[in-house]
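Treat the numbers as computed from the prediction; the structure is a model and nothing was measured.
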Amino acid sequence: MTVLLLGGTGAMGTALAEILDKMNFEIYVTSRAQKEDFGNVHYIMGNAMDSCFLSSVTADKRYDCIVDFFDYDTNTFKKNVETILKAAGQYIFLSSARVYAPSNGVITEKSARLLEACSDKEFLKTDEYPIHKARQEDFLKELCEKDINYHYTIVRPYITYNTERLQLGVAEKEQWLFRALNGRTIVFPESIGEYWTTLSYGYDVSKTIAALIGNAHAMNETFHIAGAPSVKWKEILKRYVCILETVTGEKPKVLIYDDIEDYSKRTRRITQLKYDRLSNRVFDNSKVESVIGLNSEMYREPGGGVEICLKEFLKKPVWRRISSREEAYCDRLCKERTPLKTFPGIKEKVKYVIFRYMPYFR
């Protein structure tokens with residue numbers, strides 16, 4: 001079986017390539033950077049979001065399956081998707097479980113999406129993440145209903161973690177773990193702590209996607225992948241703190257902050273909090289389990305999986321961009337300071353000073 005991974009060089013794509021290689025599939029992966037082939041995995045250098053490059057990759061070759069890891073704006077998706085469908089026996093589109101509307105019940109694939117359930121007309125006019133993913137789902141389904149030769153599988157992962165990505169509420173590791181390892185205080189909104197969430201190890205999600213490839217029961221179906229047991233965010237925080245204390249010998253400082261409106265505004269994550277993190281996220285994973293023969297026990301328990309990944313990351317920390325604005329906000333709350341050398345360039349250093357010290361920005 002021949003599989004093309006579009007944008008498949010991230011943590012989930014890399015894991016999927018390794019899994020498919022062990023299954024003796026022939027795998028092609030688009031990458032903006034030069035990468036060396038291994039086993040049955042072949043890299044094609046270029047930006048697959050670019051329609052010309054995408055056409056060159058798909059023009060003379062038909063793939064049994066194309067797995068798409070890209071996050072498109074809606075216009076780009078509409079421009080590219082039919083090119084993909086024509087070249088694929090099966091198109092696996094990665095949507096997100098964030099498309100679901102807030103719910104206090106167990107979420108199934110039939111649960112209401114924000115696109116239909118949200119009453120905020122201004123929000124619905126945007127192309128924000130959960131909205132554009134839902135719109136793209138609908139557009140994809142419409143195309144496949146018109147042409148019986150097109151076959152889709154929509155997958156909706158929820159929060160996935162690995163050694164590169166460790167989340168705490170809406171904060172990535174660059175917002176909370178970086179502070180902890182540099183002796184500063186983790187800021188954690190009290191309101192988030194009481195809600196249930198579902199975390200899944202990225203490799204387990206990739207393993208599930210692999211099982212959907214070529215699966216006749218997966219054609220023209222939608223599945224969410226969030227199989228780990230649910231846990232409250234405050235328990236995830238406790239787990240992180242315990243692991244860090246064990247590994248470093250020092251217990252991280254934590255500020256439990258009760259002004260969620262201020263936090264959401266200052267971190268610029270208003271909609272993510274309102275429509276996702278400030279509601280329970282408990283998923284019924286039985287649909288995908290019935291199709292691929294797995295069960296929830298195949299997914300790593302969040303605490304144990306997080307411990308493995310965090311300890312592995314701590315051996316050799318690698319950071320993405322550290323936000324000067326968010327560091328300044330947290331430092332204000334905690335009466336702390338981040339060294340200016342943390343931020344690259346004069347612009348980011350000035351931004352930190354303004355947001356940290358100027359009264360106007362309080």
Look at the side chain of His151 and the backbone N and O of Gln90, then say whether any donor-acceptor pair between them is shorter than 3.5 Å. no

Against Glu172, only a single residue in Arg320, Gln167, Arg321 fulfils side-chain hydrogen bond (donor to acceptor under 3.5 Å, both in side chains); can you say which? Gln167

Do Phe69 and Leu6 come within less than 4.5 Å of each other through their side chains, counting heavy atoms only? no

More than 12 heavy atoms of other residues, nucleotides or ligands under 6.0 Å from CD of Glu245: is that the case? yes

Take Thr338 and Glu327 through the side-chain hydrogen bond (donor to acceptor under 3.5 Å, both in side chains) test and state the conclusion after the steps. CA-CA 7 Å; Thr338 298; Glu327 284 297 301; 3.1 Å; yes

Would you call Glu235 and Lys232 a salt bridge, using N to O less than 4.0 angstrom? no

Provide the closest heavy-atom pair for Ser206 versus Leu16 in the form atom of the first, atom of the second, distance. O-CD1, 3.5 Å

How are the rings of Phe77 and Phe93 set to each other: parallel, tilted or perpendicular (split at 30° and 60°)? tilted

Taking atom types as modelled, is there a side-chain donor on Asp147 or Asn149 under 3.5 Å from an acceptor on the other? yes

Can you tell me if Arg179 uses its side chain to pair, donor with acceptor, with the backbone of Thr185 under 3.5 Å? yes

Could you give the distance from NZ (Lys311) to NZ (Lys315), rounded to the nearest 0.5 Å? 9.5 Å

Tell me if the aromatic rings of Tyr161 and Tyr201 count as close, with their centers under 6.0 Å from one another. yes

Verify, without hydrogens or angle tests, whether Thr198 (side chain) and Arg281 (backbone) share a donor-acceptor contact under 3.5 angstrom. yes

Verify, without hydrogens or angle tests, whether Asn215 (side chain) and Val291 (backbone) share a donor-acceptor contact under 3.5 angstrom. yes

Is any NZ, NE, NH1 or NH2 atom of the basic residue among Lys207 and Asp204 found under 4.0 Å from an Asp or Glu carboxylate oxygen of the other? yes

Tyr275 versus Cys118: any side-chain heavy-atom pair under 4.5 Å? yes

Could you tell me whether a side-chain N or O of Thr30 sits under 3.5 Å from a main-chain N or O of Gly7, the two making a donor and an acceptor? yes

Between Thr222 and Glu109, a side-chain donor and acceptor under 3.5 Å: no

Paired with Glu326, the side-chain hydrogen bond (donor to acceptor under 3.5 Å, both in side chains) test is passed by just one of Arg268, Arg269, Arg266, namely Arg269

Taking atom types as modelled, is there a side-chain donor on Tyr357 or Arg337 under 3.5 Å from an acceptor on the other? yes

Could you state whether Leu85 and Met49 fall into the same hydrophobic cluster, counting links through intermediate Ile, Leu, Val, Met, Phe, Trp or Tyr residues with side-chain heavy atoms under 4.5 angstrom apart? yes

Just wondering, more than 12 heavy atoms not from Glu261 lying within 6.0 Å of its CD? no

So, His224 versus Tyr100: side-chain donor-acceptor pair below 3.5 Å or not? yes

Take Trp319 and Phe313 through the test ring pair (Phe, Tyr, Trp, His ring centres under 6.0 Å) and record every step on the way to the result. CA-CA 10 Å; Trp319 306 103; Phe313 174 79; 5.1 Å; yes

Taking every heavy atom of Val99 against every heavy atom of Ser95, the minimum-distance pair comes out as CG1-OG, 3.7 Å

Quick one: does Arg277's side chain have a donor or acceptor within less than 3.5 Å of a partner on Gly169's backbone? yes

Please confirm whether the backbone N or O of Glu122 pairs with a side-chain atom of Asp120, one donor and one acceptor, at under 3.5 Å? yes

Got a salt bridge between Glu336 and Lys253, using NZ or NE/NH1/NH2 to carboxylate O under 4.0 Å? yes

Criterion salt bridge (Lys or Arg N to Asp or Glu O under 4.0 Å) on Glu137 and Arg113, from CA distance to verdict: CA-CA 11 Å; Glu137 288 183 359; Arg113 300 180 306 171; 3.0 Å; yes

Please lay out, stage by stage, how Tyr263 and Asp258 fare under the test side-chain hydrogen bond (donor to acceptor under 3.5 Å, both in side chains). CA-CA 9 Å; Tyr263 180 86; Asp258 62 358; over 6 Å; no

Is any side-chain heavy atom of Leu181 closer than 4.5 Å to a side-chain heavy atom of Leu244? yes

side-chain contact (heavy atoms from CB on, under 4.5 Å) assessment of Val306 paired with Tyr240: CA-CA 8 Å; Val306 162; Tyr240 282 142; 3.2 Å; yes

Is it the case that the side chains of Glu221 and Tyr152 hold a donor-acceptor pair, with the cut-off being a distance below 3.5 Å and no angle test? no

Against the six-membered ring of Phe223, is Lys287 placed for a cation-pi contact (under 6.0 Å from the centre, within 45° of the normal)? yes

Take a 6.0 Å sphere around NZ of Lys61 and say whether it holds more than 12 heavy atoms from other residues, nucleotides or ligands. yes

Identify whether Leu166 and Ile236 are in the same connected component of the hydrophobic contact network (ILVMFWY, side-chain heavy atoms under 4.5 Å). yes

Among side-chain atoms of Thr83 and Asn80, is any donor-acceptor pair under 3.5 angstrom? no

Measuring only between side-chain heavy atoms, which start at C-beta, is Ile256 closer than 4.5 Å to Leu237? yes

Audit row: Glu312, Thr163, side-chain hydrogen bond (donor to acceptor under 3.5 Å, both in side chains) steps and yes/no: CA-CA 6 Å; Glu312 186 64 27; Thr163 55; over 6 Å; no

Examine Ile44 and Met1 and state if one hydrophobic cluster contains both, with Ile, Leu, Val, Met, Phe, Trp and Tyr joined whenever side-chain heavy atoms are less than 4.5 Å apart. no

Tell me the closest heavy-atom pair linking Tyr43 and Ser31, and the distance in Å. CD2-CB, 4.3 Å

Under the ring pair (Phe, Tyr, Trp, His ring centres under 6.0 Å) criterion, do Trp233 and Phe188 qualify, and how do the steps go? CA-CA 10 Å; Trp233 276 113; Phe188 183 72; 7.5 Å; no

Cation-pi check, Lys78 onto Phe139 ring (under 6.0 Å, within 45° of axis): yes

Side chains of Ile154 and Lys141: does their closest heavy-atom pair fall under 4.5 Å? yes

Is the backbone of Arg325 close enough, under 3.5 Å, to the side chain of Lys351 for a donor and an acceptor to pair up by distance? no

Would you say the side-chain atoms of Asn182 pair up with the backbone N or O of Arg184, donor to acceptor, closer than 3.5 Å? no

Have Thr74 and Asp127 got a donor and an acceptor in their side chains that come within less than 3.5 Å? yes

Does some side-chain heavy atom of Ile66 sit less than 4.5 Å from a side-chain heavy atom of Val3? no

Do Ile292 and Met12 land in one hydrophobic cluster if side-chain heavy atoms of ILVMFWY residues count as linked below 4.5 Å? yes

Check: Asp71/Tyr129 side-chain N/O donor and acceptor closer than 3.5 Å: no

Closest contact, heavy atoms only, Glu174 versus Val318: OE2-O, 4.4 Å

Main chain of Asn40, side chain of Asp21: is a donor-acceptor contact present, judged purely on distance under 3.5 Å? yes

Measuring only between side-chain heavy atoms, which start at C-beta, is Tyr150 closer than 4.5 Å to Tyr91? no

Close side-chain approach of Ile84 to Thr58, heavy-atom, < 4.5 Å: no

Applying the 4.5 Å side-chain criterion to the ILVMFWY set and letting contacts propagate, would Val81 and Leu115 be lumped into a single cluster? no

Atom of Thr160, atom of Gly202 and distance for their closest heavy-atom approach: CB-CA, 4.3 Å

Heavy atoms of Ala171 and Trp176 approach each other most closely as O-CD1, 3.7 Å

